[in-house]
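Structure, as structure tokens:
Throughout, protein chains are lettered first and strands after them, A, B, ... in sequence-line order, and every chain is numbered starting at 1.
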Amino acid sequence: MMNGAATTLLRNVALAAGAALVATLILFTGQARAEKPRRIASINLCTDQIAMLLVPRERIVSLSFLAADPASSAMATEAKGFHLNRGRVEEILPLSPDIILAGPYAARAAVGLLRRLGHRVFELPIGESLADVARHIRAVAHVLGEEHRGEAVLSDFEARLRAIPAPPPGSRPVAALYAPNGITSGAKSLPQSVMDAAGFDNLAAHRGIAGVGRLGIEDIVAARPDALILARLSVEHPSLAARSLEHPALEAAVPKGAVIAVPHHIWACAIPQIVTGVEALANLRGRLAAGGAQ
Amino acid sequence: MTRLSARGIRHAFQGREVLAGVDFDLSGGEVVGLIGPNGAGKTTLMRVLAGLIDPGAGEVAFDGSPIAGLATEARARAISYLAQAGAAQWAVTVETLVGLGRLPHLGPFRGPGPADRDAVDRALAACDVKMIRDRPVNRLSGGERARVMLARALAVEAPVLLADEPVAGLDPAHAIDVMAVLGARAKAGAAIVVVVHDLTIAARHCDRLVLMQDGRIAADGRPGAVLSESNLAHVYGIRALTGTAEGAPYVIPLSRANPT
Amino acid sequence: MNRAALTALLVITVAVLFVASLAVGPAAVGIESLGKFLTGRAGEAERIIIVEVRLPRALLAVLIGGALGLAGAVLQGYLRNPLAEPGLIGVSASGAFGAVLTLYTGIASAFALALPLGGILGAAMGVVAVQILAGRDTSAFTLILSGIAVTSFAGALTALALNLAPSPFAALEIVFWMMGSLADRSLDHVALAAPFIALGAGILLTTGRALDALTLGEDTAATLGVDGTSLRRRIIAGTALAIGAATAVAGAIGFVGLVVPHLLRPLTGHRPAALLVTSALGGAALTLAADIIVRVLSAGAEIKLGVVTALIGAPFFLWLVLSARRRLA
């Protein structure tokens, strides 16, 4: 099924997952930490981007191919020029990395095999809230020996977050998130947390969806939400998934001016760039409150 | 009056000359039997006469104008063709099948009218298949199928009818029936060529015989003259008992002729 | 059954299924909402769901189902083979490949008509390939083998194109192109496909008499005034236009063109010409019904339309093969 497969992909890129295995942040197969890893390989989109934020280019030997895909990655431009992998062991081994950064879902078999072969593998859990941004940055900074750089990245992020005006008390507008092929995110997810921070209620959460779920065009039209958030895929790489956001009924489902397209990659990882999503949504909420949308 | 004439027809197929210069005229009112051993070029000549093959050289003319220059519909109305061992792909009724003979007479947006229905009725009656007109064609005996196929060719009501082995595989009674239908048609003015293997059927039911050998016409004339002892020996390579009964010739093959 | 009565019955069936198609879906918009809509009392949400979401679906089911039924009837008559069908002989798969090429390279984003045109070009290559491979041989065996070859090759090229496409979503979308779906199609898709399907169907409908004549074989048909070259061109153009445009917006939907002419043939006196309009109507009805079943059966992620048509069509196909074998034995 295309839609089922798309769900899997979204999980693979660790978009605000449903399965809630949280608990310990660092599942770290550490011997005693010797020195800073010099040859870092990442096979997960979120660790790709965090690594690029924390260490100089020359210490990264490989990134996952999604890091360079503008639809999935907030840092596709920065990722140009890196060796790109598809999470296969044979791609990683010849690079003789000091550490391999992985996510919770993708390439489980590869992670197991790399461990058996004596490699150091760090696994980053799924990001489920804005608070995970700090946790994830600190965890990766710790294993890469870049704690100071990590704190610097975080202070920027937190300053921007604080600058966003707090939502006014009282009833909050309801927003529906529509990602390609009718995928949405409900309670206990990164998008939920972003909507919270911007002062929106999430239609999917009202519907009892937790984590990743499905919200069809008819469901959205029938619910008549106050705002519609489209997780837009970049146009330069066309796909049916990208076109699925173009259905005229979606635009018609909400009042004029209440549709906002936020790049798909914003929703994927608990990384500092997610603040642009909060800003965009807070801005829309402000306009809605001011009666800018009918 | 000559309806169909062929001049200097040559045709090669896969490097072999199948027709090597054939001249042939056909007039209204006559049934011409086209005979000859297997591979003599009978079916190829029929297909050339019907306009199905463009010959390598030579020309076929209908009423003086080359058939290659005729519009497909005009040619279809002029020359009716009954293919060898014809069969129907779909289980349509006898009447529907015979009605296909009227296709050349229909305009682009005009369905069959009363004239077409009359023509179909005449063809059904002529071939004695009127009582099975509603039967699907996949439920016919061999004799019935042959008569239905002939009725389809007659329904065109074309001045020229080319019938390729219409009596093959039929018992004598049905074979005689079919040849009688062709004879009646010729009496009504049609020009008819019929490929026949049974020499007695050919001799008794055709006004004229054309004997082919190796892509050429070896003899052309009255049946008694064409089926001479010498022609049978040289063209067919047989000895035969020939004679006349009830005013028409018969041929009974006896044995292979001794090569001389 | 009388042909006029059969046609009327099919028109009524299509109309009923069309209305049902507007009344079935995940949102609670049913027949009473439809009534409110027709009397102008429907709310905005109901109106949008009926007009923008379900109407395109129902229209495409009629257009595409009609194209499949009609093309199936024409191809069966032309190839004089009851197993001929756009899906089985590879025309749909080649159409899908053509559409895939224009969509994932971005040509269709720059120029919307490129999508149906790509499908049409692909489908045309499919028809020509099958004609070359199966040619005058009317045996079912040759036709099916040619169809398998063309379908596999077009399918492999489609998979290759999708894997090479830059979007990471592309590789997952092969199921859409192989099985077909009408889910979340919009009126834009209708506008894109309808003119080409109508043109193709119009061309195919001109072939009736020639197909009747072909009942007697190519030679006899030619002596009945059928121009073989013109017929061949019309069938290639008509099939490519109708099936190519249909596939470009809905993927390859199989078996409709096989099942429908078969079921209707005995009811139309086995005459190829009489089968054309009735098969178009039957195809529309079957596709509408299958698309309703899709929505009734699946709550979350919709199963693909082609899954339902294959579940209906494949056993039917097996039965045909078995009965063909019995006839030969």
When A/P70, A/P248, A/G216, A/A71 are compared by non-hydrogen pairs under 4.5 Å with chain C, the top option: A/P248
Region of C/A183 in contact with chain A, defined by heavy-atom distances below 4.5 Å: neither
Under 4.5 Å from a heavy atom of chain A, the part of C/L115 involved: side chain
Under 4.5 Å from any heavy atom of chain A - which part of C/D184: both
Largest heavy-atom contact set with chain C, pairs under 4.5 Å, which of A/D69, A/I220, A/L250, A/D219: A/D69
Worked verdict on A/L230 versus A/V262 for side chain to side chain contact (heavy atoms under 4.5 Å, CB included): CA-CA 6 Å; A/L230 298 175; A/V262 178; over 6 Å; no
C/S181 versus chain A, the contacting section by heavy-atom distance below 4.5 Å: neither
Geometric cation-pi criterion, A/R57 with A/F82: 6.0 Å, 45°: yes
Leading residue by heavy atom contact count with chain A [cutoff under 4.5 Å; candidates C/T105, C/L103, C/V29]: C/L103
A/E251, CD atom: more than 12 neighbouring heavy atoms under 6.0 Å: no
Pair A/H264 + C/F169: ring centers closer than 6.0 Å: yes
Spacing of CZ belonging to C/F97 relative to CG belonging to C/L160, to within rounding of 0.5 Å: 8.0 Å
Contact origin within A/A253 toward chain C - heavy atom pairs under 4.5 Å: backbone
C/R295 versus C/S21, side-chain donor and acceptor atoms under 3.5 Å: yes
Heavy-atom pairs under 4.5 Å with chain A, option from C/R54, C/H189, C/E46, C/R47 with the top count: C/R54
Between A/D48 and A/S42, a side-chain donor and acceptor under 3.5 Å: yes
